[in-house]
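All remarks here apply to the structure that follows.
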Amino acid sequence: MKKTAVKILVVDDDPEIVEILKYNLSNSGFEVKVAYNGIQAVKKSKKFKPDIILLDVMMPEMNGIEACTEIRNIDNLKNIQIIFLSARGEDYTQIAAFDAGADDYINKPIKPKIFLKKITNIAKRLNSFQNEETFIKVSDLKINREEYLVTKNKTEIILPRKEFELLFLLASKPGKVFSRDEIMNKVWGSQVFVGDRTIDVHIRKLREKLGENYIKTIKGVGYKFKS
């Protein structure tokens, strides 16, 4: 990864946390901007167009989940990686974050070395993702990676990045069963620690948008795209 190639927006109402994250990320070669509430996050995202947003949940004026929802509704920001950083570890808070369009959820307190490894891994995937196969046509779906666009019977469906990557992976080999570990490694990266809940939420959202007939659950193993 070339330094400054990946842009990160850090959003937290705690100035100390913001400065610590900015310092560590900048020293690792990332281009970093900061915001202190959800309203600022939305405004700066439109102008800065970050590759990754690190977003706190509880903030004044507009919380992180509201900001995530608003950002996901802006066409040219739909594919930003949004990662929540929060001390709130309850299942319902994490599920609400994923429902709003989050790609990952990191619990505070943050361990700097693990955190930087995770972000670096995501940044490498963002760079390498652009060099792979760009178009799949399967069943009545056309999946265009360059535009992050899915077309179903001439109807366009725009998915958040992680949902798109998951669909692209499964559709790349119809009939193949992808294990949960394989999905985690290829979509989230081997250094990203997410639970089964994360995959299940993304699969559910794909089924809501595409229909129930494309992705099949293989109990105790993983998922496959129906051939």
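Since the model is a prediction, treat every value here as computed from it, not as a measurement.
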Under the salt bridge (Lys or Arg N to Asp or Glu O under 4.0 Å) test, which residues partner E182, sequence neighbours left out? K176, K186
The side chain to side chain donor-acceptor pair (under 3.5 Å) partners of Q81 (sequence neighbours excluded) come to K162
According to side chain to side chain donor-acceptor pair (under 3.5 Å), who are the partners of D13, at least two apart in sequence or on a separate chain? none
Summary of salt bridge (charged side-chain N to carboxylate O under 4.0 Å, His left out) pairs that have at least one residue in residues 80-94, sequence neighbours excluded: R88-E90, D91-R197
Which residues pass the side-chain contact (heavy atoms from CB on, under 4.5 Å) test with [X], not counting sequence neighbours?
X    : result
K111 : I114
E212 : R207
F48  : K7, L9, E31, K33, P50
L206 : L159, E163, L166, L167, L210, I215

Give every donor-acceptor pair under 3.5 Å between a side-chain atom in residues 219-226 and any protein atom, sequence neighbours left out.
residue: Y223; atom: OH; partner: D200; partner atom: OD1; Å: 2.7

Only pairs under 3.5 Å count here: list side-chain donor-acceptor contacts from residues 66-76, not counting sequence neighbours, and write none if there are none.
residue: E66; atom: OE1; partner: N63; partner atom: N; Å: 3.1
residue: T69; atom: OG1; partner: I65; partner atom: O; Å: 3.0
residue: R72; atom: NE; partner: G101; partner atom: O; Å: 2.9
residue: R72; atom: NH1; partner: K78; partner atom: O; Å: 2.7
residue: R72; atom: NH1; partner: I80; partner atom: O; Å: 2.7
residue: R72; atom: NH2; partner: I80; partner atom: O; Å: 3.0
residue: R72; atom: NH2; partner: G101; partner atom: O; Å: 2.8
residue: R72; atom: NH2; partner: D103; partner atom: OD2; Å: 2.8
residue: N73; atom: ND2; partner: T69; partner atom: O; Å: 3.1

Membership question, hydrophobic clusters at under 4.5 Å side-chain separation (ILVMFWY): are F84 and I95 in the same one? no
In this structure, would Y36 and I20 fall into the same cluster of hydrophobic residues linked by side-chain contacts under 4.5 Å? no
Under a single-linkage rule joining Ile, Leu, Val, Met, Phe, Trp and Tyr whose side-chain heavy atoms are separated by less than 4.5 Å, which residues share a cluster with Y92? none
Show which residues join I158 in its hydrophobic cluster (side-chain heavy-atom contacts under 4.5 Å, direct or indirect), or state none. L149
Is it the case that the side chain of D14 and the backbone of E16 share a donor-acceptor pair, with hydrogens and angles ignored and the cut-off at 3.5 Å? yes
According to the interplanar angle, ranging from 0 to 90°, do the rings of Y148 and F164 count as parallel (below 30°), tilted (30 to 60°) or perpendicular (above 60°)? tilted
